[in-house]
Amino acid sequence: MLLMMNDLFDIIKAFIKDIEDASPNLKNNLNEIYPIKFKLDLDGHKDIYLILEENKKNITFNEITDVDFEIRTSVKEALDFLISKKINRGMLYGDSEKAILTINAFLKAEVDIVFLIDKYFGNTPAALAYFTKEKLFNRKQYNKENALQSKLRGLSIRLDRLEAISNL
């Protein structure tokens with residue numbers, strides 16, 4: 001069991017480093033905050049301690065006494081936070097300013113997904129992801145603002161037609 005936990009922690013450490021490498025602004029923002037030591041206290045789960053430094057990432061269940069801040073939450077609240085991306089200050093204890101800076105750095109990270117796909121799955125899937133991304137986000141018909149505008153215009157035309165029919 002201990003060997004499996006060490007492997008899991010190694011994977012998480014590598015993933016955090018990969019996210020930093022795939023997002024230059026995240027790396028720069030975290031470099032301004034380092035070192036970061038915090039405790040993640042999820043209801044019903046063992047406490048997780050994270051130490052993030054420029055060249056070292058460490059995740060452990062062993063207690064660290066000099067943490068900068070603590071995040072006390074439930075799994076449901078954590079999922080709500082990840083979906084809404086709104087920080088509930090009631091779950092932060094200790095240096096809340098450092099906690100907010102750290103959380104915002106991760107939330108506002110512009111991670112290069114193509115880089116991560118290339119690293120984990122190879123060149124071909126990365127190229128497909130790149131071309132798909134370019135095709136989707138550079139065409140006007142997939143632009144969310146234009147799509148909304150188009151739908152509103154369509155509704156307006158339908159209302160005009162209904163008014164014209166009802167006035168006959």
Side-chain angles (χ1 to χ4, degrees), residues 1-62 64 67-71 73-88 91-92 98-151:
M1 181 71 172
L2 184 61
L3 183 61
M4 189 170 72
M5 291 305 295
N6 287 338
D7 289 343
L8 178 64
F9 286 153
D10 289 342
I11 290 168
I12 294 170
K13 290 177 205 176
F15 188 67
I16 291 171
K17 178 155 183 9
D18 289 344
I19 288 174
E20 274 187 345
D21 292 341
S23 175
N25 65 339
L26 175 65
K27 194 171 201 168
N28 292 337
N29 290 343
L30 289 177
N31 281 338
E32 294 176 11
I33 308 170
Y34 284 144
I36 305 166
K37 296 178 183 180
F38 68 96
K39 172 183 169 184
L40 181 59
D41 181 1
L42 290 172
D43 289 344
H45 298 281
K46 195 169 186 176
D47 294 341
I48 301 170
Y49 295 87
L50 291 96
I51 302 171
L52 305 175
E53 296 174 354
E54 189 170 351
N55 298 319
K56 179 182 167 190
K57 314 297 183 257
N58 193 15
I59 302 169
T60 182
F61 288 127
N62 299 329
I64 298 171
V67 295
D68 298 317
F69 60 91
E70 192 175 323
I71 301 173
T73 187
S74 67
V75 174
K76 182 191 177 304
E77 283 179 324
L79 290 174
D80 288 343
F81 161 72
L82 290 174
I83 292 168
S84 70
K85 295 186 179 183
K86 293 182 182 174
I87 300 170
N88 176 1
M91 65 183 185
L92 303 176
K98 193 168 192 175
I100 290 171
L101 287 172
T102 303
I103 292 168
N104 278 332
F106 280 100
L107 288 178
K108 294 179 180 176
E110 296 170 3
V111 177
D112 184 358
I113 300 297
V114 175
F115 171 80
L116 292 176
I117 292 172
D118 181 41
K119 181 166 185 159
Y120 287 103
F121 301 107
N123 296 347
T124 305
L128 289 172
Y130 173 77
F131 289 124
T132 302
K133 178 182 140 196
E134 288 298 311
K135 191 79 166 169
L136 287 176
F137 292 111
N138 288 337
R139 293 183 70 181
K140 287 186 178 182
Q141 68 184 14
Y142 291 104
N143 187 335
K144 288 182 182 178
E145 291 178 10
N146 288 341
L148 178 61
Q149 207 171 29
S150 175
K151 287 181 180 181

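Heavy-atom basis, side chains included; hydrogens, waters and symmetry copies ignored. Predicted model, so just to flag it, every value in this text is computed and none were measured.
Residues Phe38 and Ile51 have side chains not in contact (no heavy-atom distance under 4.5 Å, counting atoms from C-beta outward). With a 4.5 Å cut-off on side-chain heavy atoms, Leu50 and Asn58 do not count as touching. Two residues are said to be in side-chain contact when any heavy atoms from C-beta on lie closer than 4.5 Å; Asn29 and Phe106 fail this criterion. Between Asp118 and Asn123, the closest side-chain pair of non-hydrogen atoms falls below 4.5 Å. Side-chain atoms of Asp41 and Ile48, non-hydrogen and from C-beta on, never get closer than 4.5 Å to each other.
Note: Ile36 CD1 to Leu101 CG = 9.0 Å, rounded to the nearest 0.5 Å. Within the model, atoms NZ of Lys56 and CG of Leu52 stand 11.0 Å from one another, a figure rounded to the nearest 0.5 Å. Atoms CG and CD1, on Leu40 and Ile71 in that order, are 6.0 Å from each other to the nearest 0.5 Å.
Between Tyr49 and Asn62, the shortest heavy-atom contact is CD1-O, 3.3 Å. In terms of heavy-atom proximity, Thr73 sits nearest to Ala78 at OG1-N, 3.7 Å. Shortest non-hydrogen contact noted between Ala105 and Leu30 is CB-CD2, 4.0 Å. A pairwise comparison of heavy atoms in Val67 and Ile64 identifies CG1-O, 3.6 Å as the closest pair.
For OH of Tyr34, the number of neighbouring non-hydrogen atoms (other residues, nucleotides, ligands) closer than 6.0 Å is greater than 12. Annotation: Phe81, atom CZ; neighbour count of heavy atoms from other residues, nucleotides and ligands within 6.0 Å is above 12.
Lys98 meets the salt bridge (Lys or Arg N to Asp or Glu O under 4.0 Å) test with Asp68; sequence neighbours excluded. Applying the salt bridge (Lys or Arg N to Asp or Glu O under 4.0 Å) rule to Asp47 yields the partners Lys39; only residues at least two apart in sequence or on another chain are considered. Under the salt bridge (Lys or Arg N to Asp or Glu O under 4.0 Å) criterion, Lys76 pairs with Asp80, sequence neighbours left out.
Proximity of a side-chain donor or acceptor of Glu77 to a complementary backbone N or O of Ser74 within less than 3.5 Å is detected. Of the possible polar contacts, one joining the Lys57 side chain to the Glu53 backbone as a donor-acceptor pair under 3.5 Å is found.
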side-chain contact (heavy atoms from CB on, under 4.5 Å), that's the test. Do Asp43 and Val75 meet it? Break it down for me.
CA-CA 7 Å; Asp43 289 344; Val75 174; over 6 Å; no

